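Before any comments, here is the structure.
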Amino acid sequence: MIVSMQETATDQQIQQVIEHLVRMGFAVHRTTGERQTVLAAVGARIDFDTRNLEVLSGVEHVHRISAPYKLAARSFRPQGSVIEVGNGIKIGGEEVVVIAGPCSVESRDQLFIVAEQVAKAGARGLRGGAFKPRSSPYSFQGLGLEALKLLREAGDRFKLLVVSEVMEISQIEVMLPYVDIFQVGARNMQNFNLLRELGKIRKTVLLKRGIAATLEELLLSAEYIMAGGNYNVVLCERGIRTFETYTRNTLDISAVPIIHKLSHLPISIDPSHGTGLRDKVAPMARAALAAGTDALLIEVHHDPDKALSDGAQSLYPEQFSKLMDELRMIAPAVGRKIA
Ligand code: PEP
Ligand code: MN
């Protein structure tokens with residue numbers, strides 16, 4: 001940590017800051033230039049709140065040089081993490097894993113029609129919400145356990161991994177026999193009790209970025225899961241809320257290279273929630289692949305006009321199949337492969 005003192009800082013103020021740092025367990029190196037004193041504080045404390053220093057008299061600026069997370073940091077596994085998610089499929093390796101399916105599981109017919117089509121097009125995973133976090137309490141809330149059973153059956157039939165969202169702790173046990181990947185939705189990225197419980201299992205957790213979360217906060221949420229011993233975490237950028245109203249969210253594709261630099265964890269992109277509009281999904285999926293994403297999460301529905309949630313952003317199966325063909329052409333250009 002670097003603490004720059006104000007030009008007007010007195011010797012007594014500098015001394016107070018040094019004493020404060022030493023009390024917190026830091027070794028302090030002092031450099032006094034012509035105009036300003038700069039303190040370099042070196043120590044192992046990761047939970048230090050830099051604002052505690054910023055409020056001390058005479059302090060101009062505090063700059064943290066080490067990340068506030070440890071297990072999620074790239075330095076923990078410089079070679080990167082390749083996560084085995086089931087059926088021999090790995091996220092974070094050469095293959096870019098595509099997970100597709102409806103926003104919500106609505107019926108057996110709907111799920112099986114969509115699952116068959118996405119499997120045929122080359123998807124590796126089947127997504128589908130059983131427990132739905134809806135902005136309105138009057139909207140469809142999901143079929144619950146019935147949906148989980150249908151997902152497992154369809155996943156087994158079409159050899160697809162099953163991905164579904166967990167909203168609360170009590171659902172973990174219910175979901176364990178049915179899902180391969182637990183999705184934590186944007187709204188629950190900072191549900192720390194839920195994250196801690198997911199740290200106790202060993203199945204993969206797909207952790208979505210909150211609508212107003214920084215990438216550092218996303219990595220700190222991943223740290224909660226990893227601190228419990230579950231290192232099988234895949235991050236997901238699904239769009240953040242900005243002042244732009246044309247799209248549902250603003251998809252931050254730059255999250256991909258940033259996360260790859262900061263962390264060893266794989267990152268996925270969800271262009272469906274990231275744009276909210278069907279015709280924007282394929283261009284953003286192609287861009288995400290070119291940017292280096294490790295996985296894609298895409299909503300597909302055979303009859304999106306009648307979908308019970310997120311119809312406007314769901315691709316028709318034919319559109320999804322065409323997108324997969326395009327992704328197969330782009331992948332080799334960036335050293336990747338698509339099933
Ligand atoms: C979803 O995947 O259907 C979903 C609700 O996602 P998010 O949490 O990103 O809104
Ligand atoms: Mn959705």
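Please read all numbers here as calculations on a predicted model, not as lab measurements. All ligand and atom numbering here is 1-based and tracks the order in the structure.
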Counting only protein atoms, how many N/O/S atoms are less than 2.8 Å away from the Mn ion (ligand 2)?
4
Is there a nitrogen or oxygen of Lys208 sitting under 3.5 Å from a nitrogen or oxygen of ligand 1?
yes
Scan residues 307-316 for pairs that pass salt bridge (charged side-chain N to carboxylate O under 4.0 Å, His left out), counting only residues two or more places apart or in two chains.
Arg248-Asp310
Does any N/O atom on Ala186 come nearer than 3.5 Å to any N/O atom on ligand 1?
yes
I'd like to know whether the aromatic ring centres of Tyr69 and Phe76 sit less than 6.0 Å apart in this structure.
no
Would you mind running through ligand 1 and noting each atom that sits below 4.0 Å from a heavy atom of Arg238?
7 (P), 9 (O), 10 (O)
Checking Gln313 against Glu299: is there a side-chain donor and acceptor pair closer than 3.5 Å?
yes
Check each atom of ligand 1 against the heavy atoms of Glu165 and keep those under 4.0 Å away; list them by number with element.
4 (C), 5 (C)
salt_bridge(Arg152, Asp180) N-O dist < 4.0 Å:
yes
Is it true that Arg108 and Glu153 make a salt bridge, defined as a side-chain N closer than 4.0 Å to a carboxylate O?
yes
Which of the numbered atoms in ligand 1 are below 4.0 angstrom from a heavy atom of Gly185?
8 (O)
I'd like to know whether ligand 1 has Cys103 as a neighbour, heavy-atom separation below 4.0 Å.
yes
Near Glu299, which atoms of ligand 1 are under 4.0 Å from a heavy atom of that residue?
3 (O)
So, taking the atom named CZ in Phe182 and the one named CD in Glu165, what distance separates them when rounded to the nearest 0.5 Å?
12.0 Å
May I ask you to identify the nearest protein heavy atom to atom 4 (C) of ligand 1, giving residue, atom name and distance to one decimal place in Å?
His273 NE2, 3.4 Å
So, are Arg30 and Asp11 salt-bridged, with charged N and O less than 4.0 Å apart?
yes
